[in-house]
A.B. asks: 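Dumping the structure here so I can ask a few things about it.
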Amino acid sequence: MASSVSSRELILETLLMITRDGQYSHIALKNVLDQYQYLDKKERAFITRVVNGTLEHMVEIDAILNRFSKVKVNKMKPVIRTILRSSVYQMRYMDSVPDRAVCNEAVKVAAKRGFVNLKGFVNGVLRTISRNREDIQLPDKTDMVAYLSIVYSLPEWLVKQWLAVYDADTVETMGKAFLENKKTTIRKSPKAGDTTEFVKRLETEGVIVEPETQMKDVFYISGYDYLEKLQTFRNGEFYVQDISSMQVAEWADPKAGDVIIDVCAAPGGKSIHLAEKLDGTGMVEARDLTEYKVELLQENIERSGLTNICARVQDATVKDPESVGNADIVIADLPCSGLGILGRKPDLRYKMTPKMQEELVKLQREILKVVCEYVKPGGKLLYSTCTIHKAENEDNTAWFQKEHPEFHLQKEKQILPGIDIGDGFYIAMFQRENHE
Ligand SMILES: C[S@@+](CC[C@H](N)C(=O)[O-])C[C@H]1O[C@@H](n2cnc3c(N)ncnc32)[C@H](O)[C@@H]1O
């Protein structure tokens, strides 16, 4: 099998797993790339780019397909729809692939998947789009919802939800930020020692390293194939974590000897950051719902080499009587709609619904009600999400303050992509009254 055909087939398979079968994009991609380890770095990068790019631009791509195809996108067979979507992405966003090659490969994959009778249709639609590429007009700002939805590939319900809270310029800035190339952000672990030597070790492994100017020990890395291949990663010399998510441990600012309970901890970024800050003292108890998640936590804890952190299974909605009044700090980084990280998980925007958001608000409140009891008098509770959704964030904070007047809000922040550095994220920090 020619390698380019194989890449296109893998792109089709991966996109079908995500859009037809409901798998998460980062998991589907990782599984496919793990399964086809023989692919070279360039092919892996091509597959990753086309899969993510197609998802990032899918609303726009569908609008283009609907304009030039007699059969509308929602009436197409999933295989054909997916081939066309990824082909339009390549034609529109990848100058390195000539349109003719994109059409030919699309037709070959369609035939190989048993759609010999639709070869002409695929070819016709793609060639028409190619011929009219200068004539593709997207909506303008006279219809702001359609403009933001199509140009930034955001579902209309989401654009409307954001426009009810933020002005159009802010929503546009966020939409743009989600489409920008995302580098991997890492936090150097104290065990990596001297910074210059650490950077040299990364560079020797072929990694391109850029320091973040506003935060110590934070770097952006690129140019590597996959993380597990790097000795520095396997040694636990760094942890992949976005800057916004690092703010949780910064705000919590633990003191030596603190007991910290992280009630929804997997895969462990915040717990590990906090344990590092405790510098060998105190204890972080990192909890999550399932054995599988706790295994992920264990793996990351082992790699970190830290001894003041442990992991265990505990459903955060169920009260753990032994923890009541025990923690100096409780971290509640709860399940959420994830709309702040669309730049990294582009498929979330198609999977989330307002109904699911309502369910998440209920779950967040249920968890907060239980876990706030674990905070000692005078201790801190940090509530965070990686979403941009007032009901899950500011409204939950207001609800919590009303329900629990013994907790005082110290500060809260909605971090917005493109406006602040890092992913979209929300943090609120409360302190429990101390009557002694
Ligand atoms: C936003 S993620 C946590 C990310 C983590 N704090 C970090 O920094 O790596 C939310 C986590 O909540 C967990 N979770 C969902 N429902 C839960 C429950 N009822 N009890 C405990 N954990 C739960 C999920 O398995 C998921 O790992």
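Order of listing sets the numbers, starting from 1, for every ligand and every atom in it. What you see is a predicted model, and the numbers here were worked out from it, not measured in a lab.
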A.B. asks: Salt bridge check, R187 against E276: does any charged N sit closer than 4.0 Å to a carboxylate O?
C.D. replies: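 R187 and E276: salt-bridged.
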A.B. asks: Suppose I only count heavy atoms of V263 and a 4.0 Å limit; which atoms of ligand 1 are within that range?
C.D. replies: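 Per the distance check, 21 (C), 22 (N).
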A.B. asks: For ligand 1 and T317, I'd like to know whether there is a polar contact (N/O to N/O, distance under 3.5 Å).
C.D. replies: no
A.B. asks: Return the CD to NE2 distance between Q357 and H389, rounded to the nearest 0.5 Å.
C.D. replies: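 If we round to the nearest 0.5 Å, Q357:CD and H389:NE2 are 4.0 Å apart.
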A.B. asks: Work out which heavy atom in L55 is nearest to a heavy atom in Y350; give both atom names and the distance.
C.D. replies: O-OH, 2.5 Å
A.B. asks: Can you give me the closest heavy-atom contact between F430 and Q401, atom names plus distance?
C.D. replies: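 That closest heavy-atom pairing would be CE2-CG, 3.9 Å.
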A.B. asks: Would you say K293 and ligand 1 have an N/O pair spaced under 3.5 Å apart?
C.D. replies: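 Indeed, backbone or side chain, K293 has an N or O that close.
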A.B. asks: May I ask you to identify the nearest protein heavy atom to atom 2 (S) of ligand 1, giving residue, atom name and distance to one decimal place in Å?
C.D. replies: A266 O, 3.9 Å
A.B. asks: Which atoms of ligand 1 are found less than 4.0 Å from any heavy atom of D315?
C.D. replies: 18 (C), 19 (N), 20 (N)
A.B. asks: State whether the shortest distance between N or O atoms of I367 and N or O atoms of ligand 1 falls below 3.5 angstrom.
C.D. replies: no
A.B. asks: Using a strict 4.0 Å cut-off to heavy atoms of G268, name the atoms of ligand 1 that fall inside it.
C.D. replies: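 Those of ligand 1 that fall under 4.0 Å from G268 are 7 (C), 9 (O).
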A.B. asks: Show the nearest heavy-atom pair for residues Q90 and V97, with the distance to one decimal.
C.D. replies: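 Scanning both residues, the minimum pair turns out to be OE1-CG1, 4.1 Å.
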A.B. asks: Distance to 0.1 Å, residue and atom name: give those for the protein heavy atom nearest to atom 12 (O) of ligand 1.
C.D. replies: C264 CB, 3.2 Å
A.B. asks: Just distances here: any N/O of G269 and N/O of ligand 1 closer than 3.5 Å?
C.D. replies: yes
A.B. asks: Identify the closest protein heavy atom to atom 10 (C) of ligand 1: which residue and atom is it, and at what distance?
C.D. replies: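 Looking only at protein heavy atoms, the one closest to atom 10 (C) of ligand 1 is D333 O, 3.7 Å.
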A.B. asks: Taking 4.0 angstrom as the limit and counting only heavy atoms of Q314, give me the atoms of ligand 1 inside it, by number and element.
C.D. replies: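 Those of ligand 1 that fall under 4.0 Å from Q314 are 20 (N), 21 (C).
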A.B. asks: I need the contact type for R287 against ligand 1. Using non-hydrogen atoms and a strict under-4.0 Å cut-off, is it side chain, backbone, both or neither?
C.D. replies: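 No part of R287 is near ligand 1 at this cut-off.
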A.B. asks: Do you know the tightest heavy-atom contact between P254 and I260?
C.D. replies: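 In this case the closest contact between P254 and I260 is CB-CD1, 3.9 Å.
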A.B. asks: Please find the pair of heavy atoms, one from I186 and one from V240, that lie closest to each other, and give the distance.
C.D. replies: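 Nearest pair, atom of I186 first, then V240: CG2-CG2, 4.0 Å.
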A.B. asks: Count the heavy atoms belonging to other residues, nucleotides or ligands that lie under 6.0 Å from CD of E291, then report whether that count exceeds 12.
C.D. replies: no
A.B. asks: Answer yes or no: does an N/O atom from P335 fall short of 3.5 Å to an N/O atom of ligand 1?
C.D. replies: no
A.B. asks: Return yes or no for this condition: an N or O of K270 is under 3.5 Å from an N or O of ligand 1.
C.D. replies: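 So ligand 1 has an N or O lying under 3.5 Å from an N or O of K270.
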A.B. asks: Among I341, D423, L334, which residue meets the side chain to side chain contact (heavy atoms under 4.5 Å, CB included) test with C386?
C.D. replies: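 Answer to the side chain to side chain contact (heavy atoms under 4.5 Å, CB included) test with C386 among I341, D423, L334: I341.
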A.B. asks: What do we get for A265 next to ligand 1 when only non-hydrogen atoms under 4.0 Å count, side chain, backbone, both or neither?
C.D. replies: backbone
A.B. asks: Show me the donor-acceptor pairs within less than 3.5 Å that the side chains of residues 144-159 make with the rest of the protein, sequence neighbours left out.
C.D. replies:
from, atom 1, to, atom 2, distance (Å)
Y147, OH, E172, OE2, 2.5
S149, OG, L154, O, 2.7
Y152, OH, E172, OE2, 2.6
S153, OG, H57, O, 3.2
S153, OG, M58, N, 3.4
S153, OG, V59, N, 3.1
S153, OG, E60, N, 3.0

A.B. asks: Output the list of atoms in ligand 1 that are nearer than 4.0 Å to some heavy atom of A316, sorted by atom number.
C.D. replies: 18 (C), 19 (N), 20 (N), 21 (C)
A.B. asks: Scan residues 263-274 for pairs that pass salt bridge (charged side-chain N to carboxylate O under 4.0 Å, His left out), counting only residues two or more places apart or in two chains.
C.D. replies: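 Non-adjacent pairs meeting salt bridge (charged side-chain N to carboxylate O under 4.0 Å, His left out): K270-D333.
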A.B. asks: Is there a polar contact between ligand 1 and D288, counting only N or O atoms under 3.5 Å apart?
C.D. replies: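 Yes, since at least one N or O of D288 sits under 3.5 Å from an N or O of ligand 1.
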A.B. asks: Is it the side chain (CB and beyond), the backbone, both or neither of V248 that lies under 4.0 Å from ligand 1, heavy atoms counted?
C.D. replies: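 For V248, no heavy atom sits under 4.0 Å from ligand 1.
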